[in-house]
Amino acid sequence: MTNNECHCVAYTAMDAKSEERPVGSKYQLLDLPWEDVLVTHVLCYLPLRHLVTLQRVSKSFRSLVQAYLANCRTFDSAQTGPRIPKEAFCSMLRDNKVLHSLSVHGCSDWITDKELLPVIGQNQLLLRVDLRGCVRLSRHALVAVSLSCPRLQHLCLAHCEWVDSLALRSLADHCTDLRSLDLTACRQLRDEAVCYVVAKWPSLRSLSVAVNANITDVAVEEVAKRCRELEQLDLTGCLRVRNEAIRTVAEYCPKLQSLKVNHCHNVSESSLGVLRRRNVEIDSRNRLSHH
């Protein structure tokens, strides 16, 4: 809806109420219909941090903002400002059951299972979840995502060292339509876990297993053979990955657009060259070694 159309809705709403008001009386913002105008066509243009401020104005504004938050499809805690209080987070998402995208990275220094699990449990329409850097969560958070979000397509678990193989297997068993997964620095994971889960996700487009010295050619080759639709692969800091695995990626992943292999000291131009010729974006500098 354009701004002009929004204005027309507002004017129509005010005209409908004009007969109820004494001549000369002034309209206030809250006189407009909440669900049909304010929630749907006004508050959606305000940044989340402004909504947090607005709900402090009065009880009526708090109720209005709560009505909006109960119907919003996206919630990113980082948009509330540098630090959102725990009580405010819980209050803002208390009534929402229609989220499609949830990011709690802005709460990473304090959020625990106690705050997150109720939100996950009542939002079964989630398509995208970002738990990046949330070090106080536990494996129960990933299990809850697995059981409550069958439509999940994008999941970020970067720097969540609590992720273990059993919780990841649960994700693979229940969320079969995953398109992107970030497991950067999930150092509990080994080849076996990665091999198990990629077998469940043939439509995976983006995968990071960066900063994990447990990952070897075994996992990378299995990723290549199982995920033929792969477009982005991040192996940064996977010290045990070698040229053989990169050659397998080049052979089985024709749609690859980006490969990150910085600090993979056993990967050289002898395997990267064929990908460069296909215009795959590679973050590693040209290497002199061709072994």
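None of the values given here were measured: they were computed from a predicted structure. Excluded from the calculations below are hydrogen atoms, water molecules and symmetry mates; all remaining heavy atoms, backbone and side chain alike, are included.
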* Asked: Among the clusters formed by ILVMFWY side chains lying less than 4.5 Å apart, do Leu171 and Trp162 turn up in the same one?
  -> yes
* Asked: What are the two closest heavy atoms between Ser180 and Leu204, and how far apart are they?
  -> N-CD1, 3.9 Å
* Examine distances only and state if a side-chain atom of Asp283 and a backbone atom of Val261 form a donor-acceptor pair shorter than 3.5 Å. => yes
* Asked: How close do Leu48 and Leu69 get, heavy atom to heavy atom, and via which atoms?
  -> CD1-CD2, 3.9 Å
* **Side-chain heavy-atom pair Leu116, Leu131 within 4.5 angstrom cut-off** => yes
* Can you find a side-chain donor-acceptor pair between Arg247 and Ser270 that sits under 3.5 Å? -> yes
* To do: State, with a plain yes or no, whether a side-chain heavy atom of Leu233 is found less than 4.5 Å away from one of Val249.
  => yes
* Considering all heavy atoms of both residues, which atom of Cys195 and which atom of Ala219 are nearest to each other, and what is their separation? -> SG-CA, 3.9 Å
* Asked: Got a sec, which pairs hit salt bridge (Lys or Arg N to Asp or Glu O under 4.0 Å) with one end in residues 121-131, sequence neighbours left out?
  -> Asp130-Arg132
* Could you verify whether a donor N or O on one side chain and an acceptor N or O on the other, from Ser146 and Asp173, lie under 3.5 Å apart? => no
* Asked: What residues, two or more places apart in sequence or in another chain, satisfy salt bridge (Lys or Arg N to Asp or Glu O under 4.0 Å) together with Asp217?
  -> Arg242
* Any chain of hydrophobic side-chain contacts (each under 4.5 Å) joining Leu272 to Val223? -> yes
* To do: For the residue pair Ile84 and Cys107, establish whether any side-chain heavy-atom pair is separated by less than 4.5 Å.
  => yes
* Asked: About how many Å separate CG of Leu147 and NE2 of His140, when rounded to the nearest 0.5 Å?
  -> 12.0 Å
* Asked: Roughly how far, to the nearest 0.5 Å, is CG of Leu99 from CZ of Phe75?
  -> 8.5 Å
* Structure fact -> Sorted by chain and residue number, the salt bridge (Lys or Arg N to Asp or Glu O under 4.0 Å) partners of Lys255 (sequence neighbours excluded) come out as Glu229
* **Heavy-atom check, side chain of Leu117 versus side chain of Val119, under 4.5 Å** => no
* Look at the side chain of Gln122 and the backbone N and O of Arg94, then say whether any donor-acceptor pair between them is shorter than 3.5 Å. => yes
* **Thr236 and Asn262: side chain donor to acceptor below 3.5 Å** => no
* To do: Taking Asn266 for its side chain and Arg240 for its backbone only, find out whether a donor-acceptor pair lies under 3.5 Å.
  => no
* Structure fact -> Hits for side-chain contact (heavy atoms from CB on, under 4.5 Å) against Arg179, two or more places apart or cross-chain, chain-then-number order -> Gln153, His154, Asp177, Ser203, Arg205
* Structure fact -> Residues passing the salt bridge (Lys or Arg N to Asp or Glu O under 4.0 Å) test with Glu222, sequence neighbours excluded, are Arg226
* Asked: With sequence neighbours excluded, what pairs up with Arg187 under the side chain to side chain donor-acceptor pair (under 3.5 Å) test?
  -> Glu161
* Asked: Salt bridge between Lys225 and Glu251, side-chain N to carboxylate O under 4.0 Å?
  -> no
* Quick one: pull up CG in Leu126 and SG in Cys149 and give me the separation to the nearest 0.5 Å. => 4.5 Å
* Check whether Leu178 and Leu168 end up in the same hydrophobic cluster, where Ile, Leu, Val, Met, Phe, Trp and Tyr are linked by side-chain heavy atoms less than 4.5 Å apart. => yes
* Any side-chain heavy-atom pair of Ser148 and Ile120 under 4.5 Å -> yes
* To do: Check step by step if side-chain contact (heavy atoms from CB on, under 4.5 Å) holds for Leu189 and Asn214.
  => CA-CA 7 Å; Leu189 301 178; Asn214 295 319; over 6 Å; no
* With sequence neighbours excluded, residues passing salt bridge (Lys or Arg N to Asp or Glu O under 4.0 Å) with Asp164 -> Arg139
* To do: Determine, step by step, whether Ser208 and Leu183 satisfy the side-chain contact (heavy atoms from CB on, under 4.5 Å) criterion, reporting the C-alpha distance in whole Å, the side-chain angles of both residues, the deciding distance to 0.1 Å, and the verdict.
  => CA-CA 5 Å; Ser208 173; Leu183 296 172; 5.9 Å; no
* Asked: Shortest non-hydrogen contact from Leu51 to Leu46?
  -> CD2-CD1, 3.8 Å
* Between the side chain of Asn212 and the main-chain N/O of Ala185, is any donor-acceptor distance below 3.5 Å? -> no
* Asked: Is there a side-chain contact between Cys134 and Val104 (heavy atoms, below 4.5 Å)?
  -> yes
* To do: Begin from the C-alpha positions of Ile246 and Val274 and carry the test side-chain contact (heavy atoms from CB on, under 4.5 Å) through to its verdict.
  => CA-CA 10 Å; Ile246 302 304; Val274 63; over 6 Å; no
* Spell out, as yes or no, whether a donor-acceptor pair under 3.5 Å connects the side chain of Glu115 to the backbone of Thr112. => yes
* Which atom pair, heavy atoms only, marks the closest approach of Met92 to Thr80? -> CE-CG2, 4.3 Å
* Where at least one partner belongs to residues 95-107, residue pairs that pass salt bridge (Lys or Arg N to Asp or Glu O under 4.0 Å), sequence neighbours excluded -> none
* Other than Val218, what residues sit in its cluster of Ile, Leu, Val, Met, Phe, Trp and Tyr side chains whose heavy atoms are under 4.5 Å apart, directly or through others? -> none
* **Main-chain N/O of Ala88 paired with Ser91 side-chain donor or acceptor, under 3.5 Å** => no
* Can you name the residues that form a side chain to side chain donor-acceptor pair (under 3.5 Å) with Asn279, not counting sequence neighbours? -> none
* To do: Output the distance between atom NZ (Lys260) and atom SG (Cys238), rounded to the nearest 0.5 Å.
  => 12.5 Å
* Find out if a path of hydrophobic residues (ILVMFWY) with successive side-chain heavy-atom gaps under 4.5 Å connects Val194 to Leu239. => no
* To do: Using a 4.5 Å cut-off on heavy atoms from C-beta on, say whether the side chain of Leu155 contacts that of Asp182.
  => no
* Where do Leu64 and Leu30 land on the side-chain contact (heavy atoms from CB on, under 4.5 Å) test, with the steps shown first? -> CA-CA 8 Å; Leu64 172 62; Leu30 294 176; 3.6 Å; yes
* To do: Tell me, please, which residues at least two apart from Arg278 pass side-chain contact (heavy atoms from CB on, under 4.5 Å).
  => Ala250, Leu256, Leu275, Val280
* To do: Ignoring hydrogens and angles, tell me if any N or O in the side chain of Trp201 forms a donor-acceptor pair with the backbone of Cys175 under 3.5 Å.
  => yes
* Can Tyr68 be reached from Phe61 by stepping across I, L, V, M, F, W or Y side chains whose heavy atoms are under 4.5 Å apart? -> yes
* Asked: Ile215 versus Asp191: any side-chain heavy-atom pair under 4.5 Å?
  -> yes
* **Nearest-0.5 Å distance, CD of residue Gln79 to NE2 of residue His50** => 11.0 Å
* For Asn243 and Ser268, indicate whether the former's side chain and the latter's backbone hold a donor-acceptor pair under 3.5 Å. => yes
* Near Glu244 CD, under 6.0 Å, is it more than 12 heavy atoms from other residues, nucleotides or ligands? -> yes
* Side-chain H-bond candidate by donor/acceptor type, Ser63 with Gln66, under 3.5 Å -> no
* **Non-neighbouring partners of Thr74 that pass side-chain contact (heavy atoms from CB on, under 4.5 Å), sequence neighbours left out** => Ser101
* Does the side chain of Gln232 pick up a donor-acceptor pair with the side chain of Ser258 at under 3.5 Å? -> no
* Nearest heavy-atom pair of Asn96 and Asn71: which atoms, and what distance? -> ND2-N, 4.1 Å
